[in-house]
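Comments concern the structure below.
Residues: numbered from 1 along the sequence shown.
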Amino acid sequence: LKDEQGEVLNEFFALDLKGFLTLKAPMTSGEYQFAVASDDGSILDLNNQTIIDNDGTHSVRWRCSSNPIQLQENQSISMRVRYYQGPRTE
């Protein structure tokens with residue numbers, strides 16, 4: 001990742017990734033639990049609802065969703081991951 005001058009960014013940047021999650025065979029319909037590990041912050045949204053909030057400046061930290069999500073085979077749901085990279089000292 002580089003800034004406008006072409007310098008490599010090692011810290012103090014953010015990503016806002018949007019897409020879709022589709023359960024494909026051989027995965028079957030059912031309840032699924034989600035988790036993220038991030039250094040520094042991350043937030044996972046599914047169907048426009050925050051599922052995991054692991055935001056802030058911290059070293060690598062795991063967070064799991066508190067409730068399972070019901071997914072159907074071949075169903076697409078919106079997914080958004082927001083990520084923040086703070087200082088390299090964390």
Side-chain angles (χ1 to χ4, degrees):
L1 187 63
K2 296 181 181 182
D3 66 14
E4 294 172 350
Q5 290 75 37
E7 298 291 322
V8 175
L9 290 172
N10 294 315
E11 56 191 342
F12 298 111
F13 65 87
L15 302 173
D16 189 357
L17 307 168
K18 297 175 185 175
F20 293 92
L21 175 68
T22 305
L23 194 64
K24 295 285 187 180
M27 305 289 288
T28 59
S29 299
E31 291 187 336
Y32 287 83
Q33 194 98 13
F34 290 83
V36 297
S38 60
D39 167 22
D40 290 295
S42 62
I43 299 171
L44 173 64
D45 297 336
L46 297 176
N47 277 343
N48 300 314
Q49 291 186 339
T50 298
I51 303 303
I52 302 171
D53 187 342
N54 193 22
D55 203 14
T57 302
H58 51 77
S59 56
V60 176
R61 183 171 73 185
W62 280 92
R63 289 290 185 259
C64 298
S65 58
S66 56
N67 296 311
I69 305 298
Q70 181 69 38
L71 298 175
Q72 301 299 318
E73 189 174 346
N74 294 316
Q75 172 193 18
S76 289
I77 61 171
S78 65
M79 180 173 69
R80 180 181 184 195
V81 177
R82 289 170 279 172
Y83 173 75
Y84 161 71
Q85 174 58 54
R88 288 180 280 173
T89 58
E90 290 293 329

Salt bridge flag under 4.0 Å for residues R82 and D55: no

Close side-chain approach of F34 and L44, heavy atoms under 4.5 Å: yes

Checking side chain to side chain contact (heavy atoms under 4.5 Å, CB included) for the pair N54/I43: CA distance, chi angles, key distance, verdict? CA-CA 6 Å; N54 193 22; I43 299 171; over 6 Å; no

Any heavy-atom pair between the side chains of N48 and M79 that's under 4.5 Å? no

State the CZ-OH distance between F13 and Y84, to the nearest 0.5 angstrom. 10.0 Å

For residues G41 and S38, report the shortest heavy-atom separation together with the two atoms involved. C-OG, 3.8 Å

Pair D39, S59: side-chain N/O donor-acceptor within cut-off below 3.5 Å: no

Donor-acceptor pair, distance only, cut-off 3.5 Å: does the side chain of D3 make one with the backbone of Q5? yes

With distance as the sole test, does Q33 use its side chain to make a donor-acceptor pair with the main-chain N or O of I69 at under 3.5 Å? no

Do Q72 and N74 have side-chain heavy atoms sitting under 4.5 Å apart? no

With the side chain counted from C-beta on, respond yes when P87 and T57 share a heavy-atom pair under 4.5 Å apart, and no when they do not. yes

Side chains of F20 and S78 in contact at under 4.5 Å (non-hydrogen atoms): yes

When rounded to the nearest 0.5 angstrom, what distance separates CG in L17 from OG in S42? 11.0 Å

Flag side-chain contact, heavy atom, 4.5 Å: Y32 against P68: no

Among T28, L23, T22, side-chain contact (heavy atoms from CB on, under 4.5 Å) partner for L71: L23

Looking at side-chain heavy atoms only, is the closest gap between S29 and Q75 below 4.5 Å? no

Distance (rounded to the nearest 0.5 Å) between N67 CG and Q70 CD: 12.5 Å

Under a 4.0 Å threshold between the charged nitrogen and the carboxylate oxygen, would D53 count as salt-bridged to R63? no

